[in-house]
Amino acid sequence: MAENTEKTALVTGASRGLGAALAFELATKGYHVIAVGRTTGALEELDDRIQAAGGSATLAPMDVTTDAAMMHLCRSIHDRWGGLDFWVHTAVHAAPLSPAGHLAAKDWDKSVLVNVTAPGRLIGYIEPLLLARSGQAIFMRDDRAGQKFFGAYGASKAAQNALVESWQAETVKTGPKVHLLAPAPMATATRARFFPGEDRSPLATPAAEAKRLLSSIL
C-alpha cells in the first residue's frame, strides 16, 4: 500500500477561540486538520468554514480527558496517515476566579485533569506520531501563576508549562520540535469569564493571532 503523504495537523481544543482559528489557518495552508473538541455543533461550523475555503478536516467530537477515545483516535491517525506533521494543543479548563482558601473541589480537580493530566498523557500517545513525520507540537503559555484569584487556573497552567518545557528540552536533538507560544490577549469567551466588562476593542482576534503565531513556525 502506498504511503499516505497528506500533510496532517491534530488540533485538540478546536471547537472555538484560538483552537478553531489555528485549525482553520492550518487547513488553508494545505494541512488536513483532525479537529478535536467537545462541542459537535461548533466543530461542524468549523468544518463548514474550512470546506468553504477549500480545505479538509476530520471531526473528532470527544473530550481530551477520555483516555480510551484519545488512544483510539491516535491509533486511527497512525493507520490512516502514518503520523502527524503538527499537533496544536489549546484545550483548557478556565476555572472560575476564586480565593485560594475557597476553591471548589470540582473546579480544582477539573483544572488539574484538563490542564495537567490530559496533556501529560497525550504527549505519550502523540509523540510517536510526530516522530514518524518529523512533526512539531505547539502549546500555549498563559502565565497567571501567583496572581490573585487565579489559583486553580494559574497553578494548573504553570504545571502544564513546566511539563512542556521539560519535553522541549528533552527533544532538542531527537525531535519532535516543541513550541511553547505566548498569544496576545484575545477577545475570547475564556478571557471574558476572567475579565467581565473589559473593553474588548484593543484585544486581538483569534484569527489574527493564529496567523501571527503560525507565521513564526511555518
Side-chain angles (χ1 to χ4, degrees), residues 2-62 64 70 73-74 76-92 119 122-123 125-142 164 167-168 171-172 175-190 203-218:
E3 181 183 359
N4 190 331
T5 57
E6 184 177 27
K7 296 191 298 183
T8 55
L10 171 66
V11 181
T12 42
S15 295
R16 296 187 176 89
L18 183 59
L22 286 163
F24 178 80
E25 189 67 16
L26 284 163
T28 63
K29 295 184 180 301
Y31 291 85
H32 180 83
V33 172
I34 301 101
V36 176
R38 292 183 302 163
T39 309
T40 301
L43 290 178
E44 290 173 343
E45 290 174 10
L46 170 65
D47 188 40
D48 289 343
R49 292 197 296 117
I50 287 174
Q51 289 192 45
S56 65
T58 296
L59 305 185
M62 59 184 65
V64 295
M70 295 307 300
L73 176 64
C74 290
S76 298
I77 291 169
H78 173 269
D79 291 345
R80 180 171 176 182
W81 292 285
L84 284 168
D85 296 286
F86 273 103
W87 171 31
V88 179
H89 184 74
T90 62
V92 70
L122 290 175
I123 287 171
Y125 304 155
I126 297 169
E127 183 180 65
L129 298 172
L130 295 171
L131 289 172
R133 289 278 189 96
S134 298
Q136 303 182 62
I138 302 172
F139 282 74
M140 303 300 153
R141 181 187 292 279
D142 187 7
V164 174
W167 189 30
Q168 191 175 51
T171 56
V172 169
K177 187 170 182 59
V178 178
H179 306 272
L180 186 55
L181 307 180
M186 292 174 291
T188 62
T190 297
L203 301 178
T205 65
E209 274 304 280
K211 290 179 182 296
R212 184 185 72 82
L213 293 170
L214 289 177
S215 69
S216 67
I217 296 170
L218 297 177

Task: Intermediate values then yes/no, side-chain contact (heavy atoms from CB on, under 4.5 Å), Leu213 and Leu18 - done: CA-CA 10 Å; Leu213 293 170; Leu18 183 59; 4.2 Å; yes
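- For Ala132 against Gly83, the heavy-atom pair with the smallest separation is CB-CA, 4.2 Å.
- Here the CD atom belonging to Glu45 is positioned 9.5 Å from the OG1 atom belonging to Thr39, to the nearest 0.5 angstrom.
- Here the shortest heavy-atom pairing between Pro119 and His89 reads CB-NE2, 4.2 Å.
- Interatomic distance, CG of Leu84 versus NE2 of His32, reported as 10.5 Å (0.5 Å rounding).
- The heavy-atom pair separating Thr90 from Gly19 by the smallest distance is OG1-CA, 3.3 Å.
- Checked against Trp81 for a side-chain contact (heavy atoms from CB on, under 4.5 Å), the options Leu129, Thr58, Thr5 give a single hit: Thr58.
- Using a distance-only test at 3.5 Å, with no hydrogens or angles considered, a donor-acceptor pair links the side chain of Gln168 to the main chain of Val178.
- Although no hydrogens or angles enter the test, the distance criterion places no donor-acceptor pair under 3.5 Å between the side chain of Thr12 and the main chain of Val36.
- Listed by chain and number, the residues in a side chain to side chain contact (heavy atoms under 4.5 Å, CB included) with Asp85 are Lys7, Thr8, Tyr31, Arg133 (sequence neighbours excluded).
- Shown here are the side-chain hydrogen bond (donor to acceptor under 3.5 Å, both in side chains) partners of Gln51, two or more places apart in sequence or in another chain: Asp47.
- Residue Met140 comes nearest to Ile138 through the heavy atom pair CE-CG2, 3.5 Å, listed as atom of the first residue, atom of the second, then distance.
- Put simply, CG on Leu46 and CG on Leu59 are 7.0 Å apart, with the number rounded to the nearest 0.5 Å.
- With a 6.0 Å radius and a threshold of 12 heavy atoms from other residues, nucleotides or ligands, Arg49 has its CZ atom above the threshold.
- A pairwise comparison of heavy atoms in Leu26 and Ala9 identifies CD1-CB, 3.8 Å as the closest pair.
- In this structure, Ile50 and Ala57 approach most closely via the heavy-atom pair CD1-CB, 4.0 Å.
- Contact check for Leu218 versus Phe86: side-chain heavy atoms found under the 4.5 Å cut-off.
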Open item on the list: Determine whether Asp142 and Val92 satisfy the following criterion, side-chain contact (heavy atoms from CB on, under 4.5 Å), listing intermediate values before the conclusion.
Closed with: CA-CA 11 Å; Asp142 187 7; Val92 70; over 6 Å; no
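- Between the Glu209 side chain and the Ala184 main chain, a donor and an acceptor come within less than 3.5 Å of each other.
- Rounding to the nearest 0.5 Å places CD of Gln136 at 6.5 Å from CD1 of Ile217.
- For the atom pair CH2 of Trp87 and NE2 of His179, the computed distance is 13.0 Å after rounding to the nearest 0.5 Å.
- Note on ring orientation: taking the six-membered ring where Trp is involved, the planes of Trp167 and Phe139 are perpendicular (angle over 60°, cut-offs 30° and 60°).
- With values rounded to the nearest 0.5 angstrom, Glu25 atom CD is found 4.0 Å from Thr28 atom OG1.
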